[in-house]
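Since the model is a prediction, treat every value here as computed from it, not as a measurement. Proteins come first, then strands; the chains are lettered A, B, ... in the order of their sequence lines, and each starts at number 1.
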Protein chains: 2
Amino acid sequence: MHSNRIMCPKLSERIMSASEAAAFISSGMIIGMSGFSTGAPKAIPAEMVKHADNLTIIQGAGLGGLDKLAASGSVSRYTAFQWSRELRSEINGGKIAFSDIHLGQLPDKLRRGTFGKPDIAIIECSKINEDGGIVPSLSVGISNALIECADKVLLEVNLAVPSEIEGLHDICPNGHKPLRGVLERTGEPVYRCDPNKIIGIVITNEEEPKIGFRDTNEVYSDIARQVLRLLDKEIAENRLPRDFALQAGVGGVANAVLLGLSEGGYKGLKMFTEVLADSALGFIKSGVITEASTTTLDLSPVGLEAFFSDLDFYKDHIVLRPLEISNGVTQITAMEPVAMNTALEVDIYGNVNSTHAMGTKMLNGLGGSNDFCRSAKISVFITPSTAKNGDISSIVPMVTHVDSTEHDVDIIATEYGYADLRGKSPKERALEIIENCAHPDYRAALREYYDGAVALCGSCQTPHDLSKSLSWHQRFLEKGTMKQS
Amino acid sequence: MHSNRIMCPKLSERIMSASEAAAFISSGMIIGMSGFSTGAPKAIPAEMVKHADNLTIIQGAGLGGLDKLAASGSVSRYTAFQWSRELRSEINGGKIAFSDIHLGQLPDKLRRGTFGKPDIAIIECSKINEDGGIVPSLSVGISNALIECADKVLLEVNLAVPSEIEGLHDICPNGHKPLRGVLERTGEPVYRCDPNKIIGIVITNEEEPKIGFRDTNEVYSDIARQVLRLLDKEIAENRLPRDFALQAGVGGVANAVLLGLSEGGYKGLKMFTEVLADSALGFIKSGVITEASTTTLDLSPVGLEAFFSDLDFYKDHIVLRPLEISNGVTQITAMEPVAMNTALEVDIYGNVNSTHAMGTKMLNGLGGSNDFCRSAKISVFITPSTAKNGDISSIVPMVTHVDSTEHDVDIIATEYGYADLRGKSPKERALEIIENCAHPDYRAALREYYDGAVALCGSCQTPHDLSKSLSWHQRFLEKGTMKQS
């Protein structure tokens, strides 16, 4: 049974049902899970709900699969990135203790025991080879580190992922060496695990949970146009090669930027990123992108079909790496990508809040944004200039939470323009950001804040009027708008 | 004349007076200078005052030598770290545009043209070899990058630095390779420079400007005791080897920590740091420290005498590196130091302000603190619990400026204790910090703020009452104290 998927005879004896596997899990345990959006275990977590509570869950980036578990009240602690509505609601309800970290540092923190030693790692894979090598499925994330650190391992072999995926991944646990190229392979295509640690194997045949709709709209296209204007200028002025590397998320802006680059005749671009979405596949096919490094394929059913139907082609152009490499500062420094990440709000001095609505409520978490923007060649933060139908200005006097400091932000781009902060003093930055990025409805009020702050503290390094710095947020909380009436 | 210091015949023809050299400098130029506290050019800057204004100065870390130049009004833009009272006063008076950056990134930013192309680099050295190799003096900093990027180079050969210093430095411009050991040498002991770029050489014989008194007091000793308690625990619990590497500044706490380690019988420690002070020499002599990597020797006249009188011994234990290596994230990641840096203020969630008094006035700049704390094995921020005779609490509800985010801070230590933030949620951190680190006089008020914030926003990820977050600073600005009457 499944002899072409579990080729190691010793391990094939450990096949069991998801319910039997879940019985290994008991209350209070620290559970590591594979999955970085895709590639999470699917059958065992669904059964776990019945078995245990007060669990600590460690996962690279949790998607919908965690919804049920979080909603069941079984989880008391979670790390790290999350896109799960239920999980987020439990975090902001004070039910789940959430430690938000630089994603690229998660594997090392795991090895250092920062979150305790995982009792069990539950890892989705596509195949187990004769010699025990474990072929990953659609993501790598922290799976190799979890297998290394956990006392015991449960595997889910997902038949919905073709076994021909073998060879896509490069599992190299040494994160300290710089890569010589986006596609350089320095490891093995499989996870290695002491067979004695593997206490159970569950066969599944499950699709990935549906990915939420990724909208494109006019604002996103306008932001992308500003980013393209920047890229053209950087290339024209010889600060960036035409075949530069890009790090970008999966949103509409990234897609529109890639489309613009394609229309602009760019070829041979590289992606050095943590997540690759449907749109990238098309650009790889057309030669706009020729080399892509990521830790996950975040593909829709349509994207997956395209990917699986031309696996050999894509294996020549894509490599899936452990998070410590995809987001490693050494590698990012060497690959010199343009990093493009989304800000929730930005202040007039260039500090970026990526995580906390009104400084208090967690959204998805920091992710790899600061892994990349810290070490990128050019770090770009994008944001629509307003939110909530214009009642929130994304450009504020002072952000309510800082995830990327003024020291890590080169460019801010909104649909109105971009501010180039490189080499500028805070006062110079403020003028750039207000005039180029803020929504026209808020520019006068921002100027008024800035001028008042300068008047108050006499043109010091970073003028602020602390009695008003957070007043825009307070006004929103009280009146539902940041606009002054 | 000086044939043992300028051994390259072609270059010995370019010896001139400081005044002649300064005549090359004209208004509006971008001037790069050697010097990282020590090792700055001394004669030419003193003459420059008469020649030019509207200058941009790029220097790793400016000390007293910049006082006169800054006070003369000749400087309109400065980067990066500064300890100069005059410079700071001009920055906060709005006369000098100051861009504060991660020091370790300065060389790469220079190469990328972030601050423009330097017209002239003025570099202090100790000797020029027959083949044109330039032997540095007491620091390396960004000198190699400046020589590389500048159109022209002026050299100051300082006879006060013995020529036997040759061999202390390791100039390796490739910052991407991880070091295999603190003392590993991968470059040359000299700077290389196209001789045609060298337009003048000035002979000087000048001591380093006096270093300000570095006080130790009871509070510092108490903070050191807390750090030692942490280190002992980490070692006892096998999270840190007994011969760990330390990054530390030059203040009283660092000294007291080293003294404590020495008294605790520690031997064979490493320093992987950006600045090495007098105290380190003694610990190297006694074998407490056996390997030290730095970019500068920040020694007093007494320290310098001890160093020069036993140069061969120290050359076996100390290596001076370019800033891109001493503070390089790749190297820091590989060396796994405990990083100990000073915070100006810390908030209850672990965000650190290192640079801005009351969020507005620049002190010295970011320096390498976040280069190290980001990539260190354990990042420790130290601060006395209060300042200004108790009228300022260093632990506040919300910091007024963020230099190191909650994601980069492992430990906060004051004289009252330390808070271990690793793996904890913001709410857990708040309790640790308030109870372990805050001054007893402020604990009740901090608890009151925190409880009020939780009541207001319902135990969300990071509770804040934005109407009160910065009220402590406002009270200080208005009434001279953060204490509630």
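- Interface remark: B/Leu366 contributes side-chain atoms only to the contact with chain A (heavy atom separation under 4.5 Å).
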Which atom pairs, one a donor and one an acceptor, fall under 3.5 Å between side chains of residues 346-353 of chain A and the rest of the protein, sequence neighbours left out?
unit_1   : atom_1 : unit_2   : atom_2 : d
A/Asp347 : OD1    : A/Tyr349 : N      : 2.9
A/Asp347 : OD1    : A/Gly350 : N      : 3.1
A/Asp347 : OD1    : A/Asn351 : N      : 3.1
A/Asp347 : OD1    : A/Asn351 : ND2    : 3.3
A/Asp347 : OD2    : A/Asn351 : ND2    : 3.2
A/Asp347 : OD2    : A/Val399 : N      : 3.4
A/Tyr349 : OH     : A/Pro463 : O      : 2.5
A/Asn351 : OD1    : A/Glu406 : N      : 2.9
A/Asn353 : OD1    : A/Thr355 : N      : 3.0
A/Asn353 : OD1    : A/His356 : N      : 3.0
A/Asn353 : ND2    : A/Glu345 : OE2    : 3.1
A/Asn353 : ND2    : A/His356 : O      : 2.8

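- Top candidate by heavy-atom pairs under 4.5 Å with chain B, chosen from A/Thr400, A/Ile96, A/Asp403, is A/Asp403.
- Of the possible donor and acceptor atoms, one in the side chain of B/Thr114 sits under 3.5 Å from a partner among the backbone N and O of B/Lys109.
- Rounding to the nearest 0.5 Å gives a distance of 9.5 Å between OG of B/Ser467 and CG of A/Leu470.
- Listed by chain and residue number, B/Asp151 satisfy the salt bridge (Lys or Arg N to Asp or Glu O under 4.0 Å) test with B/Lys117 (two or more places apart in sequence, or in another chain).
- Within the model, atoms CZ of A/Phe476 and CD1 of A/Ile392 stand 3.5 Å from one another, a figure rounded to the nearest 0.5 Å.
- Contact annotation for B/Leu477: only side-chain heavy atoms (C-beta onward) come within less than 4.5 Å of a heavy atom of chain A.
- Both the backbone and the side chain of B/Phe98 have a heavy atom closer than 4.5 Å to some heavy atom of chain A.
- Contact of A/Glu336 with chain B is made through the side chain alone, with heavy-atom distances under 4.5 Å.
- In this structure, chain A has heavy atoms under 4.5 Å from both the backbone and the side chain of B/Thr333.
- For the set A/Arg88, A/Lys377, A/Met362, A/Lys95, the count of heavy-atom pairs under 4.5 angstrom toward chain B peaks at A/Lys377.
- Comparing A/Lys361, A/Lys424, A/His407, A/Arg429 by heavy-atom pairs within less than 4.5 Å of chain B, the highest count is held by A/His407.
- Distance check: B/Asp100 CG to B/Tyr78 OH gives 10.5 Å after rounding to the nearest 0.5 Å.
- Residue B/Glu234: no heavy atom, backbone or side chain, is found under 4.5 Å from chain A.
- If you measure heavy-atom distances from A/Arg239 to chain B, the contacts under 4.5 Å come from the side chain alone.
- Between chain B and the options A/Val402, A/Thr79, A/Ile101, heavy-atom pairs under 4.5 Å are most frequent for A/Val402.
- In summary, the side chains of A/Gln474 and A/Ser471 do not present any donor paired with an acceptor at a separation below 3.5 Å, with no hydrogens or angles considered.
- Using a 4.5 Å cut-off between heavy atoms, B/Asp410 touches chain A through its side chain atoms alone.
- Both the backbone and the side chain of A/Asn370 come within contact range of chain B, with heavy atoms under 4.5 Å apart.
- Contact count against chain B (heavy-atom pairs under 4.5 Å) is highest for A/His401 among A/Met358, A/His401, A/Lys427.
- Shown here is B/Arg85, whose CZ atom has no more than 12 heavy atoms of other residues, nucleotides or ligands within 6.0 Å.
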